[in-house]
Participant: 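Before anything else, here's the structure in question.
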2 protein chains.
Amino acid sequence: MAKRSARTPVGTVSFRLGVLGAGQEARYAERLADLELKPKHVALLSALRIKGAESQLEVAAVMRVAPSLVVLLADQLEARGAIERVRDPSDRRRQRLHLTEEGVRLLDAATAAAAALDEELTAPLDAADRAALARILERLAIANDLLAEDI
Amino acid sequence: MAKRSARTPVGTVSFRLGVLGAGQEARYAERLADLELKPKHVALLSALRIKGAESQLEVAAVMRVAPSLVVLLADQLEARGAIERVRDPSDRRRQRLHLTEEGVRLLDAATAAAAALDEELTAPLDAADRAALARILERLAIANDLLAEDI
DNA sequence: TATTGTTATACTCTATAACTATA
DNA sequence: TATAGTTATAGAGTATAACAATA
């Protein structure tokens with residue numbers, strides 16, 4: 001099957017990742033609306049659960065966002081009782097963030113919502129392709145040094 | 001290998017698509033800076049090449065963006081001579097957009113840039129996984145009714 | 001009265017830079 | 001003087017709503 005060379009970028013893996021990724025993020029944001037969370041809040045909560053209590057600057061580095069954004073997200077999560085800020089006694093400049101019970105509850109709900117979304121997204125695929133996609137994306141995530149649970 | 005159930009959404013396909021997709025879009029935007037284009041401009045040019053000259057509202061529907069955004073993007077592309085607007089004589093409300101030679105040149109350059117990005121992204125994968133990823137993403141793009149060349 | 005395109009406006013997201021407190 | 005965090009500000013991107021022209 002001779003494949004003529006592409007005449008636009010829409011068939012590239014990069015472009016499709018961008019478009020599909022934006023769509024999934026938008027759908028995920030819709031599902032999270034019930035929980036009054038946004039995807040970035042979930043990323044912060046996930047970073048805390050995976051890495052443990054960390055200073056805000058470390059969280060910003062893991063999330064690859066500006067420190068000022070972590071301040072805003074942490075303000076909002078703290079106001080809802082999902083996280084607590086604790087001054088590090090040995091260096092009183094540092095704020096260590098950690099999950100509360102409410103934060104754990106929210107993160108569990110957000111995790112369930114993401115799993116449900118995965119089901120719907122991958123419904124058109126057969127079992128082998130589903131497994132292949134999960135495996136390949138994990139490999140790319142690791143290669144790109146993104147936040148991952150299994151380290 | 002018993003896999004414990006996920007405790008965060010970061011390992012889901014949806015979340016990884018979102019993060020990887022955002023990263024690729026940012027990298028693509030960097031490469032396009034040389035051409036003074038943004039990914040949305042490329043999407044519009046691609047829509048014209050794939051679908052042929054279309055009214056602006058049709059382009060907005062294909063791109064899944066607001067019509068007012070198509071006006072802005074088309075203004076910018078027209079100012080650079082990449083597209084032309086032609087009033088439809090049979091319905092003078094309609095503006096039909098079509099690529100100029102310069103538009104074709106830009107789109108070809110943007111296509112080459114996306115192909116180069118794909119090479120870098122998929123470098124950590126073996127040939128079989130590369131092919132599997134392209135095939136699976138195409139299937140998902142079709143299932144989600146996204147702009148595709150091969151229709 | 002309905003539709004296409006345009007303009008005006010506003011909102012969300014996020015970064016940069018200036019500032020405070022602590023080291 | 002350097003670093004962690006915070007606040008203030010600004011910019012990009014995009015949508016919604018009001019409007020104009022044409023059907």
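From a predicted model like this one, the values you see are computed outputs, not experimental measurements.
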Participant: Go through the N and O atoms of the side chain of S68(A) and the base of dT16(C), and report whether any donor-acceptor pair is under 3.5 Å.
Facilitator: yes

Participant: To check you understand the geometry: which heavy-atom pair defines the closest contact between R130(B) and E119(B), and what is its length?
Facilitator: NH1-OE1, 4.0 Å

Participant: What closest approach, in Å, do A143(A) and P124(B) show between heavy atoms, and which atom pair accounts for it?
Facilitator: CB-CG, 3.7 Å

Participant: Run through L20(A), L117(A), I136(A), L133(A) and flag the one making a side chain to side chain contact (heavy atoms under 4.5 Å, CB included) with V13(B).
Facilitator: L133(A)

Participant: Does the distance from a Lys or Arg side-chain N to an Asp or Glu carboxylate O, for E30(A) and R27(A), drop under 4.0 Å?
Facilitator: no

Participant: Just so I know, are the side chains of Q76(A) and E36(A) near enough to count as touching, which here means a heavy-atom distance under 4.5 Å?
Facilitator: no

Participant: Looking at residues 79-90 of chain A, who's got a heavy atom less than 4.0 Å off DNA chain C?
Facilitator: none

Participant: Please report the distance, rounded to the nearest Å, between CG in L69(A) and P in dT12(C).
Facilitator: 15 Å

Participant: If the test is salt bridge (Lys or Arg N to Asp or Glu O under 4.0 Å), which one of R87(A), R93(A), R94(A) qualifies with D91(A)?
Facilitator: R93(A)

Participant: With side chains defined as the heavy atoms from C-beta onward, is the minimum distance between L107(B) and P9(A) less than 4.5 Å?
Facilitator: yes

Participant: Can you list, in residue-number order, the parts of residues 17-34 of chain A that come under 4.0 Å of DNA chain D, counting heavy atoms only?
Facilitator: none

Participant: So which of residues 37-48 of chain A are in contact with DNA chain D, with a heavy-atom cut-off of under 4.0 Å?
Facilitator: none

Participant: At a heavy-atom distance below 4.0 Å, which nucleotide of DNA chain D is the first touched by chain B, and which is the last?
Facilitator: dG13(D) to dA23(D)

Participant: Under a 4.0 Å heavy-atom cut-off, which of residues 91-98 of chain A touch DNA chain C?
Facilitator: D91(A), R92(A), R93(A)

Participant: Atom CD of E58(B) and atom P of dT4(C): how far apart are they, to the nearest Å?
Facilitator: 9 Å

Participant: Answer yes when R135(B) and D129(A) have at least one side-chain N-carboxylate O distance shorter than 4.0 Å, and no when they do not.
Facilitator: yes

Participant: If every non-hydrogen atom of R16(B) is compared with every non-hydrogen atom of A148(A), which pair is closest and at what distance?
Facilitator: NH2-CB, 4.0 Å

Participant: Rounding to an integer number of Å, can you tell me how far Q76(B) CD sits from dT7(C) P?
Facilitator: 13 Å

Participant: Show the nearest heavy-atom pair for residues Y28(A) and T111(A), with the distance to one decimal.
Facilitator: OH-N, 4.5 Å

Participant: For R85(A), check side chain to side chain donor-acceptor pair (under 3.5 Å) against everything at least two apart and list the hits.
Facilitator: Q56(A), D75(A), E78(A)

Participant: Nearest 0.5 Å, what's the CZ-CD distance between R92(B) and Q95(B)?
Facilitator: 9.5 Å

Participant: How close do S14(B) and L121(A) get, heavy atom to heavy atom, and via which atoms?
Facilitator: OG-CD2, 4.3 Å

Participant: L72(A) has an atom CG; how far is it from atom P of dT16(C), in whole Å?
Facilitator: 16 Å

Participant: Salt-bridge test for D108(B) and R49(B): reply yes if a basic N is under 4.0 Å from a carboxylate O, no otherwise.
Facilitator: yes

Participant: Could you check whether atom CD of E25(A) has more than 12 heavy atoms from other residues, nucleotides or ligands sitting under 6.0 Å from it?
Facilitator: no

